Undergrad: 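My questions all concern the structure below.
Values reported hereafter were calculated over all heavy atoms of this structure, with side chains retained and with hydrogens, waters and symmetry mates removed. Everything numeric here is computed off the predicted structure, so don't read it as measured data.
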Amino acid sequence: MDKLAERSLPRPALAIMDPEILSGNFTIIDQRFERRPGTERCRLILAFDHTYLTKTLCQISLFGKKGIVGGAWAPENPQNAFFSLEEGRVDIKAIPKASSMMACVCWDPSAPKKACLSACAIPLGSSFEGLDAKYKGNWAMLHTLGTVLSHSDQIIRGIAFDAATTHQFIRKVLCGQLQDVDLEELRTVPFFGELEWQELPENPLPRLPVRIAMYRGKAVWALPGPWDSDYASMTVPWSLKGCLLHHLCVTLCLAPAFHRDISLQERAEAALSGFLCLDMFQMLAMDKCKQMCLPAGSTFMAPVTCANLQYVALSTVVVCLTKDIDFEPWRYGNARLTEIAIEQVFGHLRSQMSNSQLTTRQYFAADARQSFRSSNTLNRIKLSNSNMGEEKLTHQQFETCCKNALAATLSLVSKVSDMKSSILEAMYRKRCEQEIEDPEDGDPLEELEEEEDVKPHAKSKTECEEFLEHLQQDAECNRMWASEDPDAFAAQDQDLPDGELLKHLCTLANVAEAFGMETAVSPKSGERREGNHLPSSLLEAVQMKGDLFNSLFRLLVRLRSAKGGMDTMWIRNSRNSRRASRSLNWHQYNERVIAQQNAEQEEGQNRSRTSRLQKWRELSLEAHKALQLAEEVPERLMPGNVVLYQNPSKGGESSWALC
């Protein structure tokens, strides 16, 4: 770590404790990421996230001193993160140990190759406790990240992060949603207290809950990541039209941030279409849940999931409205505007350890080695002198995107819900005028509890009654599994291709196909739209002749699997995987691929935990030998089974035990 400064690399280890080192890190990062003449300095992306640590204290040489690291940093007690051994005796027992590491990494999304440099690494303690733990954690993250960004010297254009609970205030402040934020306290927060907000250009949409955050005259983007929905709790036919509509909503929100081969106007229109689709489908789903007395989110995605996806779509719209001409994150590489980069950095750091476990000192050392590798990558990057980016959207183009997105969404939702477009639009506008509370402002669990309280004859169960009910359910499941024929589903799997065949087909390049998905591009203006091409927008898909769901599926192929699609990074040729067997549909192929990947992951996890499994088997055998089990008790004990036995050493006294 002492050699980082000699090689002109940032020193991220506990840089927040020394403002000069932190400011110097961003200066070095700005110099290492070369830019073309005339390019704005405010061009880099910063991603922050947490990764777990092994709780232990270690000796290290840092800041020119020998000391102890492994303690948790806090604004009120920063000295806990580093105790100098040269200043006297240290009470080790009084040091709160860090359980996670907060890392901030930077990269240039427009560079030919992605190389990340770490700007700051902060060991933090356990999560907050109490009724207001959520708000304490949010304010703590605002102050910590604001302190780091206040020394960035205006080189950060976007902030990428995931949808964790403690990141909600950061996302709301950057998106201009300040209803639940104390403005007086916000003004005291570094960086975030200096933000100003501008309204979006005038548009015909009923609501568009986002504003442009400005820091000293430059727009700062929030680049949030979405959460996945709980598919098991949704009552839709997954293999048919319900899955296609759900898949379409998610794709329209995420594809604009990932796709590499669509224009800026198509990108904004797709994001707005995804936002409106989630709005209208969620509105109808909430009414359906009330009519059927079902929990909220059971007929569609959970409200929080919808909000997270909509934030991703709206953030992409802000990027399209405020980007510079030389800012081209979609020209090279994949996922340049997401927090996937920091997850990859964590993977590189843990891969340096044989057991993937990191202490605070090991994290600092691994991060330094990763900085050397990134430096070598940056030395090989050669920038071109030509600027081939697109201009940001004009107000007229943005208004056109809004009109097209609204018309397409009304047409789609009215067709699938059997409701007239005029009635649906009036219903949606009325709902927006009522200023419905943001789903994140309330607790989703409270909605479930309110729905459960509607049942007139519901009685509270004691812990004993619930325990006996679970035992009865387990017994019924065990009886069903024992009575099933193990070869009952063998006939259904005969036509399923094996994993090796699917892997070969997915990686096999086959460009010359009639479907043309690998080389598909948007049709030129003026060309005739037939029913066999790939549409580039939702409006074009709903206006195509033929079956509606056929055109929607082709739109999904265009956004996910065609040239530059968001899935091409992982599945190179999904067309071949669909052709592996004629008796299976496209959704079943994807389920097969996912099942194979999950099986491989589980197999790897089982290998790493063989000793635990072997220990359980040994304990089970010892229990069988020590206990006189009745004949009706199965030979294999499972967790949760209640066993009645007699202890010979106590005169045959009967007792029971829970496995």
Undergrad: Is R32 reaching over with its side chain to a backbone N or O of L9, donor-acceptor style, under 3.5 angstrom?
TA: no
Undergrad: Relative to the ring of F63, is the ring of F82 parallel (under 30°), tilted (30 to 60°) or perpendicular (over 60°)?
TA: perpendicular
Undergrad: What is the minimum heavy-atom distance between Y428 and R207, and which atoms define it?
TA: OH-CG, 4.1 Å
Undergrad: Output the distance between atom CG (L539) and atom SG (C401), rounded to the nearest 0.5 Å.
TA: 11.0 Å
Undergrad: Can you tell whether the side chains of R157 and D324 come within less than 4.0 Å, N to carboxylate O?
TA: yes
Undergrad: Let me see the working for R43 and S110 under side chain to side chain donor-acceptor pair (under 3.5 Å), right down to the final yes or no.
TA: CA-CA 9 Å; R43 70 198 185 283; S110 302; over 6 Å; no
Undergrad: So, R336 side chain and P329 main chain: donor-acceptor pair closer than 3.5 Å or not?
TA: no
Undergrad: Verify the distance criterion only: is there a donor paired with an acceptor across the side chains of S375 and R7 at less than 3.5 Å?
TA: no
Undergrad: Hey, what's the ring geometry for F300 with F281, parallel, tilted or perpendicular (30° and 60° as the breaks)?
TA: tilted
Undergrad: Cationic tip of R41 within the cone over F26's six-membered ring, i.e. under 6.0 Å and within 45° of the normal?
TA: no
Undergrad: Taking N80 for the side chain and I95 for the main chain, is one N or O donor matched with an acceptor at less than 3.5 Å?
TA: no
Undergrad: If the threshold is 4.0 Å, N to carboxylate O, is there a salt bridge linking R35 and E40?
TA: no
Undergrad: Can you measure from CG (L145) to CD1 (I170) and round to the nearest 0.5 angstrom?
TA: 5.0 Å
Undergrad: Could you give the distance from CG (D279) to CZ (R431), rounded to the nearest 0.5 Å?
TA: 10.5 Å
Undergrad: Is a side-chain N or O of N138 found less than 3.5 angstrom from the main chain of Q168, in a donor-acceptor match?
TA: yes
Undergrad: So, for K218 and C42, which heavy atoms are closest and what is the spacing to 0.1 Å?
TA: CB-SG, 4.4 Å
Undergrad: Distance-only, no hydrogens or angles: does the R260 side chain make a donor-acceptor pair with backbone N or O of Y332 under 3.5 Å?
TA: no
Undergrad: State the CZ-CG distance between R350 and L358, to the nearest 0.5 angstrom.
TA: 4.5 Å
Undergrad: Compare every heavy atom of L272 with every heavy atom of A405, then report the nearest pair and how far apart it is.
TA: CB-CB, 3.7 Å
Undergrad: If you look at every heavy atom in L174 and F192, which pair is closest and at what distance?
TA: CD2-CE2, 4.0 Å
Undergrad: Taking the side chain from S150 and the backbone from T147, do they hold a donor-acceptor pair closer than 3.5 Å?
TA: yes
Undergrad: Is a donor on one side and an acceptor on the other found under 3.5 Å between the side chain of T316 and the backbone of V312?
TA: yes
Undergrad: Does T188 use its side chain to pair, donor to acceptor, with the backbone of E185 at less than 3.5 Å?
TA: yes
Undergrad: Just by distance, no angles: are the side chains of Q352 and R369 close enough, under 3.5 Å, to form a donor-acceptor pair?
TA: yes
Undergrad: Please work out which of the three classes, parallel, tilted or perpendicular, describes the rings of F161 and H167, given edges at 30° and 60°.
TA: perpendicular
Undergrad: Checking the side chain of W330 only, and the main-chain atoms of A257 only, is there a donor and an acceptor separated by less than 3.5 Å?
TA: yes
Undergrad: Give a yes or no on whether a salt bridge exists between E399 and K403, defined as a side-chain N under 4.0 angstrom from a carboxylate O.
TA: yes
Undergrad: Kindly say whether G225 contributes a backbone atom to a donor-acceptor pair with the side chain of D162 at under 3.5 angstrom?
TA: no
Undergrad: R11 and D18: salt bridge (charged side-chain N to carboxylate O under 4.0 Å, His left out), yes or no, with the steps?
TA: CA-CA 11 Å; R11 294 179 291 170; D18 193 332; over 6 Å; no
Undergrad: If I compare all heavy atoms of Q177 with all of V210, which pair ends up nearest, and what's the gap?
TA: NE2-N, 3.4 Å
Undergrad: Give a yes-or-no answer on whether the side chains of W107 and S374 include a donor-acceptor pair shorter than 3.5 Å.
TA: no
Undergrad: For S371 and L4, work out which heavy atoms get closest and say how close.
TA: CB-CD2, 4.2 Å
